[in-house]
Amino acid sequence: MASKRGALIVLEGVDRAGKTTQCNKLVQALIERGRPAELMRFPDRSTTIGQLISAYLEKKSDLEDHTVHLLFSANRWELVPVMKKKLEQGITLVVDRYAFSGVAFTSAKPGFSLDWCMKPDEGLPKPDLVMFLQLNPAEAALRGQFGTERYETSAFQKAVHERFQQLMKDSSVNWKVIDASQNIEGVHNDITTHSLNVFNEAQNTPLGELWR
Ligand code: NYM
Ligand code: MG
C-alpha cells in the first residue's frame, strides 16, 4: 500500500495579519504531534526568479505589471516538483501565501480582472485547506507602521482585502476564515484545529489541481 501523502495547507491574508508567525507555530505544533511538516513561503526569494521579484518589491527595480504577475506565478511553478515530492514523502507543507495572494495583489491594480489573474496559476497543486487570517484594514493599521516595500500602503491593502473577499466566494477551494484579531495563541488554536481536521481527507484523496 502506498504511504500516505502530506497535506497542503496555505495561510493567506493581508500584510501584518500574522501569517508568518502563525505558519511557524503551526509547523512546530504538527511536528510535536508526530506529523512531519515543513514551511514554505511565496514569493520564494532565493531562486533566480525570486530575486527579480524581491528587487521589484524592494523598489530596486521596476517591472511592467503583467510581467511581475507572471513572475510571481512562475516562482510557484518552479517549486511544484519539490512540493509534489515532499507531499508524496508524507511531509505536510505549511505555505505562507500562494496563488491567492498572487490574484488579490495584482487584481487590486487598475485594469486587471480576477479571471486574467487566475489563469497562470490554474493547475497548481490544490491546497487541502486555505486559511484566511481575517483582519480588517483599520485593525491592521493599529498594528503599527507599514514597511517600505511596494504595496505596503493602507489604500492598496484595502483593495487587496476586497479582492480576497471575492476570491473566497469560490467554493471549489476549502476556505476557512480565521479571526486574526484574537491574541497569538487564540489564532494558533483555531489554525491547529482546522489543520488537524483536514488530515484524514487529505490522506485519502489524491492531490487536486487548483481552479480546475
Ligand atoms: N505578493 C505575494 C504578490 O504581489 N503576488 C504573489 O503572488 C505573492 C505570493 O508580495 N506584499 C506580494 C504580497 C506581499 C509581497 O510578501 C511579499 P511577504 O510575505 O511580505 O514576503
Ligand atoms: Mg510582508
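One-based numbering, in listed order, for ligands and for the atoms of each. What you see below is based on every heavy atom in this structure, not just the backbone, and it leaves out hydrogens, waters and symmetry mates.
- The shortest heavy-atom distance from R76 to ligand 1 is under 4.0 Å.
- In this structure, D96 does not pair ionically with K19, as no charged nitrogen and carboxylate oxygen lie closer than 4.0 Å.
- The option from F146, F72, F100 that lies nearest to atom 12 (C) of ligand 1, judged by heavy atoms, is F72.
- Checked by distance only, ligand 1 and D15 come closer than 3.5 Å through their nitrogen or oxygen atoms.
- Using a 4.0 Å cutoff on heavy atoms, R41 counts as a contact of ligand 1.
- At a threshold of 4.0 Å, the pair K85-E38 does not count as salt-bridged, since none of the basic side-chain nitrogens sits closer than that to a carboxylate oxygen.
- Between R212 and E122, at least one side-chain N (NZ, or NE/NH1/NH2) sits under 4.0 Å from a carboxylate O, which counts as a salt bridge.
- Using bins of under 30°, 30° to 60° and over 60° for the plane-to-plane angle, the ring pair H161/F132 lands in the tilted bin.
- Atoms of ligand 1 found under 4.0 Å from any heavy atom of F42 (numbered from 1 in listed order, with element): 9 (C).
- Here L57 has side-chain heavy atoms under 4.0 Å from ligand 1, and that is the only part of it that gets that close.
- Taking Y56 as the reference, nothing meets the ring-ring contact (aromatic ring centres under 6.0 Å, His included) condition, with sequence neighbours excluded.
- The side-chain contact (heavy atoms from CB on, under 4.5 Å) test applied to Q51 returns no partner, not counting sequence neighbours.
- Heavy atoms of R45 found under 4.0 angstrom from ligand 1 belong exclusively to the side chain.
- Annotation: R97 places an N or O atom under 3.5 Å from an N or O atom of ligand 1; distance criterion only.
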